[in-house]
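Below you'll find the structure, written out as structure tokens, and then a few comments.
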Amino acid sequence: MAKLYAAGNNEANPRWAALQRTEAALRTGGRAANPENGLNSHGCKTIHLAVYLNDHQGSTLKHVVDEARAFIDQDHTPNVTFRLAGGNAGVAIATNEAVETAEVQMLASIFASISLLCWLTFRSWRAVLCVIVPLMLVTIMCNALMALLGIGLKVATLPVIALGVGVGVDYGIYIYERLQHEMAERGYGLREAFYEAMRQRGTAAVFTAVTMSIGVGTWAFSALKFQADMGILLAFMFLVNVLGAIFLLPALACWLGVGREARSDRSRPGHTRPGLSDAGTKQPGAMRTTAVSQPLRS
């Protein structure tokens with residue numbers, strides 16, 4: 001500790017990391033044992049070991065922690081226990097680990113809650129997949145965009161992903177709700193039902209997504225890095241989520257056979273369309289006639 005203290009007082013020059021030859025220099029190095037300096041506790045029961053790093057990038061911090069933990073696992077010095085301590089790097093490492101754990105918990109909980117609510121609303125596992133799958137793919141693409149632009153996953157960007165998922169799920173729910181309504185009430189096939197759903201809800205969904213994307217996209221020009229990162233991520237998720245709802249949702253619905261059960265029910269004998277009674281149905285080629293009696297004229 002005296003060697004470290006002496007070198008630290010001389011711009012960390014490794015040549016000063018030695019026990020000095022004079023009494024005054026030894027007293028200077030001996031100040032490392034002073035508990036007030038934070039390098040050790042009273043009685044030297046706890047000693048602080050400092051490691052100087054070139055930077056605090058995520059890869060550097062992870063490498064240092066992995067090496068330190070490997071050394072701790074292999075060391076068997078009696079009456080000595082190594083622990084990962086604090087400092088700026090230590091706080092950053094702990095924050096990164098907490099964020100990684102929170103990301104898994106956050107995404108799992110939000111997708112589970114959305115799946116449950118969609119199932120309670122539509123009563124169909126096909127509807128849950130049609131809404132959730134595009135949302136999951138957009139979330140994966142958002143993580144890829146963060147890696148491409150060098151936006152790290154941290155405390156500031158973690159809520160942005162949750163916000164993008166929460167807002168982006170609306171488009172799929174709106175379109176699928178109208179899709180299901182057209183097939184159930186009017187007896188349309190999937191193609192006709194999706195056309196009606198886009199005609200009634202598509203314009204509003206696209207207008208909302210484009211407006212919100214442009215609005216938050218202007219944040220990318222902000223001098224604050226947090227605001228710029230948040231603007232890029234939100235604009236991406238708002239815009240791509242509506243594209244997933246328009247293009248991927250109907251493809252999944254077709255692949256999963258959405259609407260086939262309803263069509264098979266309507267094709268059964270004795271099945272009538274909603275709102276039509278047996279007396280009101282028409283048979284193909286049949287004509288409705290009315291007998292009118294009136295006196296004959298001479």
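The shown structure was predicted, so the numbers you read here are calculated from the model rather than taken from an experiment. In what follows, every heavy atom counts, from backbone to side chain, and hydrogens, waters and symmetry copies are set aside.
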Consider only side-chain heavy atoms of I, L, V, M, F, W and Y, link residues closer than 4.5 Å, and tell whether Tyr174 and Leu239 are in one cluster.
no

Please examine the side chains of Leu252 and Pro134, heavy atoms only from C-beta on, and report whether any two atoms are closer than 4.5 Å.
yes

Between atom NE2 of His76 and atom CD of Gln74, what is the distance when rounded to the nearest 0.5 Å?
7.5 Å

Can you confirm whether Met141 sits close enough to Asn143 that some side-chain heavy atom of one is under 4.5 Å from a side-chain heavy atom of the other?
no

Do you know which two heavy atoms are closest between Met183 and Ala193, and how far apart they sit?
CG-CB, 3.4 Å

Examine Leu117 and Ile132 and state if one hydrophobic cluster contains both, with Ile, Leu, Val, Met, Phe, Trp and Tyr joined whenever side-chain heavy atoms are less than 4.5 Å apart.
no

Enter the distance from Leu129:CG to Ser124:OG here, rounded to the nearest 0.5 Å.
8.5 Å

Closest non-hydrogen atoms of Gly164 and Leu234, given as atom of the first, atom of the second and distance, are N-CD2, 4.2 Å

Candidate pair Arg83 and Ile72, rule side-chain contact (heavy atoms from CB on, under 4.5 Å), full reasoning:
CA-CA 8 Å; Arg83 296 177 179 175; Ile72 292 173; over 6 Å; no

Can you confirm whether Ile246 sits close enough to Val206 that some side-chain heavy atom of one is under 4.5 Å from a side-chain heavy atom of the other?
yes

Separation between OG1 of Thr208 and CG of Asp170, rounded to the nearest 0.5 Å:
9.5 Å

Within one Ile-Leu-Val-Met-Phe-Trp-Tyr cluster: Met212 and Val210, side-chain cutoff 4.5 Å
yes

Between Ser109 and Met106, is there a donor-acceptor pair closer than 3.5 Å when you use the side chain of the first and the backbone of the second?
yes

Between Leu145 and Leu163, is there a shared hydrophobic cluster once you connect ILVMFWY residues whose side-chain heavy atoms come closer than 4.5 Å?
yes

Residues Thr60, Asn54; criterion side-chain contact (heavy atoms from CB on, under 4.5 Å); working and verdict
CA-CA 8 Å; Thr60 303; Asn54 294 329; 6.0 Å; no

Could you tell me whether the side chain of Glu196 reaches within less than 4.5 Å of the side chain of His181, counting heavy atoms only?
no

When every non-hydrogen atom of Ala228 is compared with those of Ser222, the smallest separation belongs to CB-O, 4.0 Å

Side-chain donor or acceptor of Asn13 paired with backbone N/O of Arg15 under 3.5 Å:
yes

Holding to side chain to side chain donor-acceptor pair (under 3.5 Å), I want the full list of residues that pass it with Asp73, two or more places apart in sequence or in another chain.
none

Measure the shortest side-chain to side-chain distance between Ile175 and Phe194 over non-hydrogen atoms and say whether it is less than 4.5 angstrom.
yes

How long is the gap from CD1 on Ile110 to OG on Ser115, to the nearest 0.5 Å?
10.5 Å

Could you go through the side-chain contact (heavy atoms from CB on, under 4.5 Å) check for Val65 and His63 one step at a time?
CA-CA 6 Å; Val65 170; His63 173 71; over 6 Å; no

side-chain contact (heavy atoms from CB on, under 4.5 Å) for Ile161 and Met146? Distances and angles first, verdict last.
CA-CA 11 Å; Ile161 300 177; Met146 293 173 61; 4.0 Å; yes

Would you say that Leu135 contacts Val131 through its side chain, given a criterion of any heavy-atom pair below 4.5 Å between the two side chains?
no

CZ/Arg69 to CG/Leu84 distance, rounded to the nearest 0.5 angstrom?
5.5 Å

Using the rule that Ile, Leu, Val, Met, Phe, Trp and Tyr join whenever any side-chain heavy atoms are under 4.5 Å apart, tell me whether Phe71 and Val80 fall into a single cluster.
yes

Student check: side-chain heavy atoms of Phe236 and Ile232 closer than 4.5 Å:
no

Charged N to carboxylate O below 4.0 Å: is that the case for Glu177 and Arg201?
yes

Say whether, by atom type as modelled, one donor and one acceptor occur between the side chain of Asn241 and the main chain of Met237 under 3.5 angstrom.
yes

Phe111 to Thr139 - nearest heavy-atom pair and separation
CZ-OG1, 3.7 Å

Look only at the side chain of Thr101 and the backbone of Glu97, and say whether a donor-acceptor pair between them is shorter than 3.5 Å.
yes

Over all atoms of both residues, closest heavy-atom pair of Leu61 and Ala92
CD1-CB, 3.7 Å

Quick one, Val128 and Phe122 - any side-chain contact, counting heavy atoms below 4.5 Å?
no

Minimum heavy-atom separation for Phe238 and Ser213, please, with both atom names.
CB-OG, 3.4 Å

Rounded to the nearest 0.5 Å, what's the gap from CD on Glu185 to CD on Gln180? Could you check?
9.5 Å

